[in-house]
Amino acid sequence: MLDRKFIVENAQLVQKNCENRGVGADVARFVELEADRKTRQVEVEQLNRRANEVSKSIGQAKDAQQREARKAEGREIREQVARLNAELDAIEAEQTFIQGTIPNMSHPDAPVGVDDKANLEIARGKSEPREFDFPPLDHVELGERLDLFDFEAGARVAGAGFYFLKNDAVLLELALQQFAVRTLLAEGFTPMTTPDLARNDVLQGTGFIPRGPETQIYSIENSDLSLIATAEIPLGGLLAGQTIDADDLPLKFCGTSHCFRTEAGAAGRATRGLYRVHQFTKIEMFAFTLPEGSEAMLEHLRAMECRLFDDLEIPFRVVDTATGDLGGPAYRKYDLEAWMPGRGEYGEVTSTSNCTDYQARRLNARYKIKGEKGTHFVHTLNGTAIAISRGLIAVLENHQQADGSVVVPEVLRAAVGKDRIEPVAHGSKQ
RNA sequence: GGAGAGGUGGCUGAGUGGUCGAAAGCGCGGGUUUGCUAAACCCGUGGCCCUUUACGGGGCCCGCAGGUUCGAAUCCUGUCCUCUCCGCCA
């Protein structure tokens, strides 16, 4: 969320930003409530002060009668305070609601536009999309020939959108994880595995909405836990409520987790295969920085994403995400879109965002500079290293051969244990 | 799952109804002394918010949320977390 003072002092800018992002938030109402809140806050504090004085005077009362009189006075003041506080609570609840609907401010260079059509291509990867001298298959067909997936069994067990990986797809998943984690480890990221569930206040702190008709989140009945949609959630929660030393920043983590998404409202959109599924494994980068360090960190995360996909010899483009497509917490976001021959188009494989202090404020993650008074909010950033499901699509479709085999990218060979994934001979299928 | 113990400032730890935002020690910052370092001694040292040009003043915060009371770190309820023992278990 944005700082209340900032919203009040920059109401016009905030309003304009909401429009650029296609969000209808009642900024004017918030400003109005803030004035109201302050007045009442001051009243409450004055009453508290008097009540405190009265309480202290009771010990010095000279007789029982005076004591009783002061008790009555104290009681009356506390009743007034209770009434005022109830009003204050109502005002604050409405403010918090509005505050939650106001997205982060946008980087001045982020392209302005209502949706992803306004996204701006800013770079391409080292690999060119291949010219196939045969009709390329999509990953579902490749997977069938190579016996890599079982979507029917996934549906039987957990419903449409779930799947089993099998045979070399499992080795590929492990290899992709190894590759990503090792690359990031060498760059100073601390590897972590995370809980696959998180408390709803952590979800909210990172800008996810655990319940409601539009939610992307599976929630656990009779608890305040939800399945995470990304390791960004638990990694962001790592510093929730903490104040850390400025000297310890930046902190860079790479988290391995499973990601669960209901994909509400996405029915019928690219539902074939692994592209849009309810569960996948993902290696995620996450960083906490000083405010002045977050822009450079975003470039670093983007560079890491590019490097990983270049090393996998997958063609991609990088887009600077338009304001309308940034979501709530991001100040600026880059997506990597890999070329997917089976679809004949680019498909999003990674996304990296600078959320500035937007998540940190709600998570209450702060830093302190030694010798200085007070604390400040850290900046948070996240970026996909590799989402296995979409990573598999890109690897399989781009490295397929005329004979139906798939060449394993150099960087994965040691972990997969072979150079090439061959079609399974008929009859040897298990 | 059952039984018990406990959550206090950066840390250790005192505090069981008022003068407690909180003893003491450690740590940290500053100073005195000192050839340098160290020791000793002295002073200072939490966060959030409101107000003030400044000096200052005020409110809230003892895991979290409620309750009792004129008054709660202290009593009551709920909740989260930690530890110990028993059971179960990968």
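All of these numbers come straight from a predicted model, not from anything done at the bench. Hydrogens, waters and symmetry mates are skipped; everything else that's a heavy atom, side chains included, is used. Chain A is the first sequence line, chain B the second, and so forth, proteins listed ahead of strands; every chain is numbered from 1.
- Distances shown here put a side-chain N or O of A:Asn52 below 4.0 Å from the OP1 or OP2 atom of B:rG59.
- Between A:Lys5 atom NZ and B:rC49 atom P the separation is 7 Å, expressed in whole Å.
- In this entry the distance linking CZ of A:Arg199 with P of B:rC80 reads 8 Å, nearest Å.
- For the C1' atom pair drawn from B:rG7 and B:rU34, the interatomic distance equals 46 Å after rounding to whole Å.
- Atom-to-atom, CD of A:Glu73 to P of B:rU69 comes out at 18 Å; the value is rounded to the nearest Å.
- Rounding to whole angstrom units, CG of residue A:Leu84 and P of B:rG59 are separated by 16 Å.
- Going from the P atom of B:rC64 to that of B:rC85 covers 29 Å, rounded to whole Å.
- The nucleotide B:rU37 finds no pairing partner, because no Watson-Crick or G-U wobble arrangement with both distances shorter than 3.5 Å includes it.
- Here A:Ile369 pairs with A:Ala246, A:Tyr367, A:Glu372 under the side-chain contact (heavy atoms from CB on, under 4.5 Å) rule; sequence neighbours left out.
- Within 6.0 Å of CD on A:Glu76 lie no more than 12 heavy atoms contributed by other residues, nucleotides or ligands.
- The gap from the C1' atom of B:rC76 to that of B:rU68 amounts to 7 Å, rounded to the nearest Å.
- Where A:Ala72 and A:Lys38 each meet RNA chain B at their nearest nucleotide, the meeting point lying more 5' is that of A:Lys38.
- The same atom, P, is picked in B:rA65 and in B:rU12; the two are 22 Å apart, to the nearest Å.
- Within 6.0 Å of CD1 on A:Ile209 lie no more than 12 heavy atoms contributed by other residues, nucleotides or ligands.
- Under the Watson-Crick or G-U wobble criterion, with both distances below 3.5 Å, B:rU82 is paired with B:rA5.
- Looking at A:Arg332 and A:Asp320, a side-chain N of the basic residue comes within less than 4.0 Å of a carboxylate O on the acidic one, giving a salt bridge.
- With rounding to whole Å, A:Ile58 atom CD1 is found 10 Å from B:rU69 atom C1'.
- Considering only the side chain of A:Glu45, B:rG59 comes nearest among B:rG18, B:rC80, B:rG59.
- The side chain of A:Arg67 contributes no N or O atom lying less than 4.0 Å from OP1 or OP2 of B:rG71.
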Mind listing the N/O atom pairs, protein and nucleotides 46-48 of chain B, below 3.5 Å?
| from | atom 1 | to | atom 2 | distance (Å) |
| --- | --- | --- | --- | --- |
| B:rG47 | OP1 | A:Lys368 | NZ | 3.4 |
| B:rG47 | OP1 | A:Gly374 | N | 3.3 |
| B:rG47 | OP2 | A:Lys373 | NZ | 3.4 |
| B:rC48 | OP1 | A:Thr375 | N | 2.9 |
| B:rC48 | OP1 | A:Thr375 | OG1 | 2.7 |

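- The partner of B:rG27, taking Watson-Crick or G-U wobble pairs whose two distances both stay under 3.5 Å, is B:rU45.
- Nucleotide B:rG10 holds its C1' atom 13 Å from the CG atom of A:Asp248, rounded to whole Å.
- For A:Asn167 (side chain) and A:Asp147 (main-chain N/O), a donor-acceptor pair under 3.5 Å exists by modelled atom type.
- Note on A:Val42: only backbone sugar-phosphate atoms sit closer than 4.0 angstrom, heavy atoms only; bases stay farther off.
- Between the side chains of A:Thr350 and A:Glu305, at least one donor N or O lies within less than 3.5 Å of an accepting N or O.
- Taking atom CG on A:Asn85 and atom C1' on B:rA65, their separation rounds to 15 Å, with Å as the unit.
- Comparing B:rU45 with B:rC55, their P atoms sit 16 Å apart, to the nearest whole Å.
- Rounded to a whole angstrom, the distance from the C1' atom of B:rG71 to that of B:rC75 is 13 Å.
- Taking atom C1' on both nucleotides, B:rU74 is separated from B:rC62 by 10 Å, rounded to a whole Å.
- Aromatic pair A:Phe286/A:Phe288: ring centres closer than 6.0 Å.
- Side-chain atoms of A:Asp26 come within 3.5 Å of backbone N or O of A:Arg29 as a donor-acceptor pair.
- For A:Ser55, taking side-chain heavy atoms from C-beta onward, the closest of the listed nucleotides B:rG57, B:rG18, B:rC60 is B:rG18.
- The partner of B:rG71 cannot be assigned: no Watson-Crick or G-U wobble pair with both contacts below 3.5 Å exists in any strand.
- B:rA65: Watson-Crick or G-U partner is B:rU77, with both key distances under 3.5 Å.
- With C1' as the reference atom, B:rG66 and B:rC83 are 27 Å apart, rounded to whole Å.
- Residue A:Asp89 is the one, among A:Asp89 and A:Lys71, whose nearest nucleotide of RNA chain B lies closer to the 5' end (criterion: closest heavy atom).
- Centroid-to-centroid, the aromatic rings of A:Tyr163 and A:His278 stay 6.0 Å apart or farther.
- Going from atom CZ of A:Arg75 over to atom P of B:rU69 covers 8 Å, rounded to whole Å.
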